[in-house]
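Everything below concerns the one structure shown next.
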Protein chains: 2
Amino acid sequence: METGFNEGAMLQAMEREGLRRTRPRQALVAQVAAWGREGVDFTADGLWRAVRRQAPDVGRATVFRTIETLTSLGLLDRISFADGAERYHASVPGAHHHHLTCDICHRVVNIEVCVPDDKLRDVARRAGFTLSGHQVELFGRCARCQAQA
Amino acid sequence: METGFNEGAMLQAMEREGLRRTRPRQALVAQVAAWGREGVDFTADGLWRAVRRQAPDVGRATVFRTIETLTSLGLLDRISFADGAERYHASVPGAHHHHLTCDICHRVVNIEVCVPDDKLRDVARRAGFTLSGHQVELFGRCARCQAQA
DNA sequence: TTTTCTGCAAACGGTTTGCATCGCT
DNA sequence: AGCGATGCAAACCGTTTGCAGAAAA
């Protein structure tokens with residue numbers, strides 16, 4: 001089963017863009033891929049702290065720059081919370097899916113629920129809009145956090 | 001037809017909470033209601049600049065404090081964009097709806113599209129989650145901006 | 001008169017940038 | 001060798017906070 005949350009595949013995707021395979025980028029991608037496999041998401045700062053355990057001199061700026069790169073390559077999804085917080089999680093490029101996020105531990109599950117395409121377009125057309133994108137985010141409490149409460 | 005984007009009604013709602021009817025709050029609510037009627041959304045800073053034209057000594061902090069108040073009263077919706085920007089727009093309290101936002105001019109239209117409740121709960125349950133909320137945001141280009149392009 | 005609200009200015013926190021240097025290729 | 005990427009620290013920018021004074025009730 002192909003998960004896509006695989007360090008090598010992600011680095012290859014970067015290489016294809018002419019980006020260099022550097023030590024900080026490898027460490028960051030490894031962490032992102034690991035978390036992707038566990039279905040865990042993270043903040044920029046969390047990623048920095050985690051990566052520093054293995055590569056202590058990776059700078060904060062590099063983390064932001066790499067997150068930006070990965071996001072625009074479609075390897076990372078950005079989730080914006082209503083309170084303005086931003087979190088990220090590894091993404092299978094090209095797959096159409098949305099997210100279900102735990103309010104407590106921020107575990108993220110990809111879900112296939114979506115509004116049917118024709119309905120989306122219909123609503124947009126009625127408002128005189130040309131649709132460019134959409135997002136569906138569900139929030140709740142995962143089994144583990146539910147049990148602990 | 002009741003739009004709800006009405007200065008008096010909003011101030012009454014605040015009064016019901018024991019909040020005082022002050023000059024800055026009146027000016028802010030008037031602007032928010034006016035924009036609500038036009039279907040326009042705004043940033044905190046935009047609201048500050050607009051209000052200052054009529055009430056030049058309203059402070060920035062008051063704008064943030066009032067936005068926070070209105071949001072928690074359900075009179076204002078916060079829309080988080082993928083790039084981290086936050087915008088607000090007047091909301092009819094209690095109505096279940098989502099948003100269609102113009103990528104260019106940020107005009108916001110309320111839409112009734114939604115994923116059916118049972119489907120939402122179903123997906124959540126399958127993932128072991130207890131659902132607490134959800135959001136659906138559509139993005140696109142409104143008729144006017146489409147024409148200008 | 002009491003309490004809430006306000007403006008100001010300083011603090012804050014996350015993100016971005018400028019720059020000299022480092023290290024892929 | 002050449003140019004992209006990096007770390008550092010300073011700058012940034014939107015937001016929040018502490019506080020003394022102003023204004024609702």
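Here the structure is a predicted model, which means the values were calculated and not measured. As a basis for the values below, the full set of heavy atoms in this structure was taken, side chains included, without hydrogen atoms, waters or symmetry mates. All chains are named by letter (A, B, ...) in the order of the sequence lines, taking the proteins before the strands, and each is independently numbered beginning at 1.
Residue pairs meeting the side chain to side chain donor-acceptor pair (under 3.5 Å) criterion with at least one partner in residues 23-33 of chain B, sequence neighbours excluded, are absent. Residue pairs meeting the salt bridge (charged side-chain N to carboxylate O under 4.0 Å, His left out) criterion with at least one member in residues 61-72 of chain B, sequence neighbours excluded, are B:E68-B:R78.
Across the helix from C:dT1-D:dA25 to C:dT25-D:dA1, the helix axis at one end is tilted relative to the axis at the other end by 30° (nearest 10 degrees, each axis from five pairs).
Every side-chain hydrogen bond (donor to acceptor under 3.5 Å, both in side chains) that B:R125 has, sequence neighbours left out, goes to B:D122. Under the rule for a salt bridge (Lys or Arg N to Asp or Glu O under 4.0 Å), A:R52 has no partner lying at least two apart in sequence or in another chain. With sequence neighbours excluded, the residues forming a ring-ring contact (aromatic ring centres under 6.0 Å, His included) with A:H89 are A:H99, listed by chain and number. By the side-chain hydrogen bond (donor to acceptor under 3.5 Å, both in side chains) test, A:E15 is found to be paired with A:R21, residues two or more places apart in sequence or in another chain being considered. In this view, A:T43 satisfies the side-chain hydrogen bond (donor to acceptor under 3.5 Å, both in side chains) rule with no residue, not counting sequence neighbours. Scored by the ring-ring contact (aromatic ring centres under 6.0 Å, His included) test, B:W35 finds B:F42 as partners (sequence neighbours excluded). Scored by the side-chain hydrogen bond (donor to acceptor under 3.5 Å, both in side chains) test, B:R20 finds no partners at all (sequence neighbours excluded).
As a whole-Å value, the separation of B:W48 CH2 from D:dT16 P is 16 Å. Across the protein-nucleic acid pair, A:R49 atom CZ and C:dG13 atom C1' stand 13 Å apart, rounded to whole Å. Computed from coordinates, the B:R60 CZ to D:dT17 P distance equals 17 Å when rounded to whole Å. Look at CZ on A:R87: it is 12 Å from P on C:dG14, rounded to the nearest Å. Between the CD atom of A:Q26 and the C1' atom of C:dG23 there is a distance of 13 Å, given to the nearest Å. One atom, CD of B:E68, and another, P of C:dT6, lie 14 Å apart when rounded to the nearest Å. Whole-Å rounding puts the A:R52 CZ to D:dG7 C1' distance at 11 Å.
The side chain of B:R25 places an N or O atom within less than 4.0 Å of a non-bridging phosphate oxygen (OP1 or OP2) of C:dT6.
Across all strands, B:D57 comes closer than 4.0 Å only to sugar-phosphate atoms, never to a base (heavy-atom distances).
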Tabulated below should be each protein N or O lying under 3.5 Å from an N or O of nucleotides 20-25 of chain D; please produce it.
| unit_1 | atom_1 | unit_2 | atom_2 | d |
| --- | --- | --- | --- | --- |
| D:dA24 | N3 | B:R20 | NH1 | 3.1 |
| D:dA25 | OP1 | B:R21 | N | 3.3 |

Enumerate the protein-to-nucleotides 9-13 of chain D contacts in which both atoms are nitrogen or oxygen and the separation is below 3.5 Å.
none

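The base of C:dG7 is paired with the side chain of B:R65 by a donor and an acceptor separated by under 3.5 Å.
In the set C:dG7, C:dG14, D:dT16, the nucleotide with an atom closest to the side chain of B:F64 is D:dT16.
Without hydrogens or angle criteria, B:T66 side chain to B:T62 main chain gives a donor-acceptor distance under 3.5 Å.
At a threshold of 4.5 Å between non-hydrogen side-chain atoms, the residues B:S91 and B:L76 do not count as touching.
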